[in-house]
Novice: 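I am attaching a structure below and will ask some questions about it afterwards.
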Amino acid sequence: MTAAAPEHGDAHILVLDDNPVNVELLLCLLEDEGYHQVRGETDPRRLAQLMKQQTVDLLLLDIRMPHLNGYQILEWLHSEWGERAPPVIVLSAQTDAQTRLQALGLGARDFLNKPFDHPEVMQRIRNTLESHFLLRERSVRAACLEDEVRQRTSELHRQAISDPVTGRLNRRGLLEQLQRRDGHDVVLYFVALDGLDDIARLHGLRVAETLSRALSTRLQALLSGPEWVFGPWSSSEWLVLGFDAPDSAAIAHHAGALLHSLAQGVEVEQLLLHLDCRLGVSHSAMVYDSAEHLIRQAAIALPQKAGEWQCFEPALEQRLLILSRYRQAMRTAAEQGELFLLYQPKVALHDERVVGAEALLRWISPEFGFVSPADFIPIAESSGDILRLGDWVIDTAITQLEQWLEQGVVPPDFRVAVNVAALQLMQPGFADSLISRLAKSRLPPAAIEIEVTESGLMQNMELALIQLNQLAAAGIGIAIDDFGTGYSSLAYLKTMPVSVLKIDRAFVDGMDRDSQVRGLAQAVIQMARILGCQTVAEGAERPEHIALLKAMGCTLVQGYWYSPPLKPDAFIEYCQSQNG
């Protein structure tokens with residue numbers, strides 16, 4: 001009866017013994033047992049070459065050999081092969097404890113005593129091979145698991161540093177790139193994409209995301225090469241990293257190229273979309289203590305005007321500190337009597353009589369002196385203080401107009417316009433509150449007009465329409481300020497209860513020198529006429545402006561040609577002199 005093949009019959013077994021008889025005997029035993037991949041060798045010096053030629057799963061090693069003894073072989077296996085060394089069963093006629101301990105200490109797995117007991121030899125070989133293959137299988141599984149963990153970890157890290165919309169590096173990934181190259185040349189461009197959030201609100205998130213991907217593709221074409229890295233820093237801000245020496249001419253060239261590229265229109269779902277772009281720049285030649293600090297410097301350097309760029313300078317940070325102090329002082333400005341209103345006359349062009357005014361908030365601080373509205377109004381809007389200041393402006397304007405009407409110094413149909421910030425308009429109870437205040441006053445609802453900007457309406461068009469319809473139903477006039485500079489002009493104007501369109505001063509200032517600007521102003525006036533709205537031209541400062549606006553059919557005008565904003569007493573004096 002033929003013996004069953006051993007479990008690991010294909011194992012590669014090498015017998016190394018200087019006695020050819022012992023080698024031949026063991027090879028015969030192994031082959032009879034069913035092991036087919038067996039070899040014998042009597043010269044230990046050939047072991048290295050044999051192991052390079054063929055993997056060895058088990059080495060049967062004699063201790064006493066010329067040239068290299070078994071102990072030296074064990075030491076060599078440990079130093080050259082380490083964990084990849086095959087298991088070793090020592091062949092020895094010596095059974096003393098010292099021999100066994102020394103061999104075991106050098107990594108031997110087992111012993112076979114000479115002369116050989118055949119059943120014992122086979123059993124020990126089977127046991128050693130079984131242990132060897134079990135360990136190898138576990139090692140392979142562990143390696144596979146480790147590789148899978150490494151791949152999954154790598155994928156999780158890739159996802160953690162990638163923007164899900166564009167696939168570019170996100171904030172964390174950009175920071176990692178900067179930190180990894182700390183101490184090397186880098187120029188950082190902080191890109192503000194003004195209007196992207198408005199587009200998302202107006203046309204939906206899908207359109208905004210498509211636009212972002214298109215901008216990413218455009219930047220990829222512009223910034224090819226390993227020295228460029230870029231990605232979104234926030235929903236409407238991107239970071240562009242140039243790993244090159246901060247050369248002034250190169251910075252100016254790249255900043256201009258970025259502005260030009262990003263300002264070009266992008267067609268998305270049959271919409272031609274444009275964004276206003278601004279750039280703040282910082283670079284490694286500046287004094288900074290971290291990647292975050294370098295980014296903050298570039299953000300501080302962002303100019304206010306679209307289409308411009310500037311490099312960080314310490315003076316910009318000093319100005320930011322001053323604005324922060326403004327924010328603190330502004331919180332008590334109204335209570336301390338530091339705020340006041342000026343009134344700029346609105347003049348009817350057909351007879352040049354003053355028929356209304358725009359109330360303008362001003363602030364004189366004991367600490368800072370006169371603070372420009374261009375400085376403190378944006379601060380108040382970003383901090384939320386505009387809600388409290390806006391209430392103060394409305395209450396003060398109502399009280400002032402009550403006094404003027406009671407004194408008979410303005411006509412009964414006189415109207416005062418107050419500016420309403422987007423944050424005010426987004427308060428659900430704003431319309432109810434204004435209607436209630438007017439009801440408690442001695443004014444008719446039409447005596448107060450609110451001015452809102454197009455960009456403010458875009459923050460929540462649905463809520464804005466609810467509020468505006470409620471105000472219009474109560475008789476309060478609605479004016480769209482800076483008309484033509486936002487995103488709602490054509491799409492939503494017809495849905496709003498608007499009574500006045502204010503022509504932005506940018507259209508008025510150049511109308512006597514630029515036919516295209518003049519055509520835009522004319523188009524706004526014609527649109528207002530079709531919609532049944534009045535038009536108010538802002539920033540009229542030259543007689544040429546007045547003549548052109550009259551010829552175009554503009555209704556009202558305000559500007560320095562007639563009068564700057566005035567304190568209440570001076571305003572009344574002007575009205576009396578103008579109205580006769």
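Since the model is a prediction, treat every value here as computed from it, not as a measurement.
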Novice: Minimum heavy-atom separation for L272 and G265, please, with both atom names.
Specialist: CD1-C, 3.9 Å

Novice: Do NZ/NE/NH1/NH2 and the carboxylate oxygens of D43 and R46 come within less than 4.0 Å?
Specialist: no

Novice: Determine whether a donor-acceptor pair (N or O, by modelled atom type, separation under 3.5 Å) exists between the side chain of D481 and the backbone of T453.
Specialist: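 Flag not set: sc D481 to bb T453 has no pair under 3.5 Å.
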
Novice: Any side-chain heavy atom of M496 sitting closer than 4.5 Å to one from I478?
Specialist: no

Novice: Can you confirm whether the side chains of S235 and D197 place a donor and an acceptor under 3.5 Å from each other?
Specialist: yes

Novice: Check whether any side-chain N or O of S162 sits under 3.5 Å from a backbone N or O of R158 as a donor-acceptor pair, and report yes or no.
Specialist: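 Yes: the side chain of S162 pairs with the backbone of R158.
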
Novice: Can you find a side-chain donor-acceptor pair between Q424 and D391 that sits under 3.5 Å?
Specialist: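 Per modelled atom types, Q424 and D391 side chains form no pair under 3.5 Å.
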
Novice: Tell me, yes or no, whether the heavy-atom count around H293 atom NE2, taken from other residues, nucleotides or ligands under 6.0 Å, exceeds 12.
Specialist: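 Yes, enclosed.
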
Novice: Has Q427 got a side-chain atom pairing as donor or acceptor with L423's backbone, closer than 3.5 angstrom?
Specialist: yes

Novice: Looking at D385 and R388, does any basic side-chain N land under 4.0 Å from a carboxylate oxygen?
Specialist: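 So D385 pairs with R388 through a salt bridge.
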
Novice: Of all heavy-atom pairs between P246 and V187, which one has the smallest distance, and what is that distance?
Specialist: CA-CG2, 3.7 Å

Novice: In sequence, state the C-alpha distance, the side-chain angles, and the governing distance for W228 and L241, and then conclude on side-chain contact (heavy atoms from CB on, under 4.5 Å).
Specialist: CA-CA 6 Å; W228 291 102; L241 311 177; over 6 Å; no

Novice: What is the minimum heavy-atom distance between R362 and P565, and which atoms define it?
Specialist: NH2-CG, 4.1 Å

Novice: Counting only heavy atoms not in R180, do more than 12 sit closer than 6.0 Å to its CZ atom?
Specialist: yes

Novice: Mind running salt bridge (Lys or Arg N to Asp or Glu O under 4.0 Å) on R141 and E146 for me, showing each step along the way?
Specialist: CA-CA 8 Å; R141 288 180 181 176; E146 184 179 349; over 6 Å; no

Novice: Would you name the heavy atoms of C311 and I251 that are closest together and state the gap between them?
Specialist: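 Nearest pair, atom of C311 first, then I251: SG-CG2, 4.3 Å.
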
Novice: When you look at CZ of R152, are more than 12 heavy atoms from neighbouring residues, nucleotides or ligands closer to it than 6.0 Å?
Specialist: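 No.
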
Novice: T332 side chain to E335 main-chain N or O, any donor-acceptor pair under 3.5 Å?
Specialist: no

Novice: Identify the two heavy atoms, one from P86 and one from V56, that lie closest to each other, and give their separation to 0.1 Å.
Specialist: CB-O, 3.1 Å

Novice: May I ask you to say whether E462 pairs ionically with R201, meaning some side-chain N is under 4.0 Å from a carboxylate O?
Specialist: no

Novice: So that I can tick it off, tell me whether R172 and E176 are bridged by a salt bridge, with the cut-off set at under 4.0 angstrom between side-chain N and carboxylate O.
Specialist: yes

Novice: Are the side chain of R213 and the backbone of T166 linked by a donor-acceptor contact shorter than 3.5 Å?
Specialist: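 Looks like no, no N/O pair under 3.5 Å.
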
Novice: State whether a side-chain donor-acceptor pair under 3.5 Å links D375 with S372.
Specialist: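 No, no side-chain donor-acceptor contact under 3.5 Å.
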
Novice: Specify whether H8 and F133 have parallel, tilted or perpendicular ring planes, treating 30° as the upper limit for parallel and 60° as the lower limit for perpendicular.
Specialist: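 Parallel, since the angle between the ring planes stays under 30°.
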
Novice: Test side-chain contact (heavy atoms from CB on, under 4.5 Å) on W81 and M51 and set out the steps.
Specialist: CA-CA 10 Å; W81 290 80; M51 290 187 65; 3.7 Å; yes

Novice: Using modelled atom types and a 3.5 Å cut-off, is there a donor and acceptor pairing between side-chain atoms of S282 and backbone atoms of F312?
Specialist: no

Novice: Check whether any side-chain N or O of S382 sits under 3.5 Å from a backbone N or O of I379 as a donor-acceptor pair, and report yes or no.
Specialist: yes

Novice: Side chains of R218 and Q264: donor-acceptor distance under 3.5 Å anywhere?
Specialist: no

Novice: Do Q102 and L74 pass the side-chain contact (heavy atoms from CB on, under 4.5 Å) test, and can you show the C-alpha distance, the side-chain angles, and the key distance before you say yes or no?
Specialist: CA-CA 10 Å; Q102 187 175 357; L74 287 169; over 6 Å; no

Novice: Would L14 and V38 count as a side-chain contact (heavy atoms from CB on, under 4.5 Å) here? Give the steps.
Specialist: CA-CA 6 Å; L14 177 62; V38 294; over 6 Å; no

Novice: With no hydrogens and no angle check, do the side chains of Q159 and E155 hold a donor and an acceptor under 3.5 Å apart?
Specialist: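 Yes, E155 and Q159 have a side-chain donor paired with an acceptor closer than 3.5 Å.
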
Novice: Run the salt bridge (Lys or Arg N to Asp or Glu O under 4.0 Å) test against D10 and tell me which residues pass, sequence neighbours left out.
Specialist: none

Novice: Give the table of side-chain donor-acceptor pairs shorter than 3.5 Å for residues 296-308, with sequence neighbours excluded, one pair per line with atom names and distance.
Specialist:
| unit_1 | atom_1 | unit_2 | atom_2 | d |
| --- | --- | --- | --- | --- |
| R296 | NH1 | E317 | OE2 | 3.1 |
| R296 | NH2 | E317 | OE2 | 2.8 |
| Q297 | NE2 | V287 | O | 3.0 |

Novice: Which atom names give the shortest non-hydrogen contact between W238 and L219, and what distance separates them?
Specialist: CE3-CD1, 3.8 Å

Novice: Check whether more than 12 heavy atoms from other residues, nucleotides or ligands sit under 6.0 Å from atom CZ of R319, and answer yes or no.
Specialist: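 No, the 6.0 Å shell around CZ holds no more than 12 heavy atoms from other groups.
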
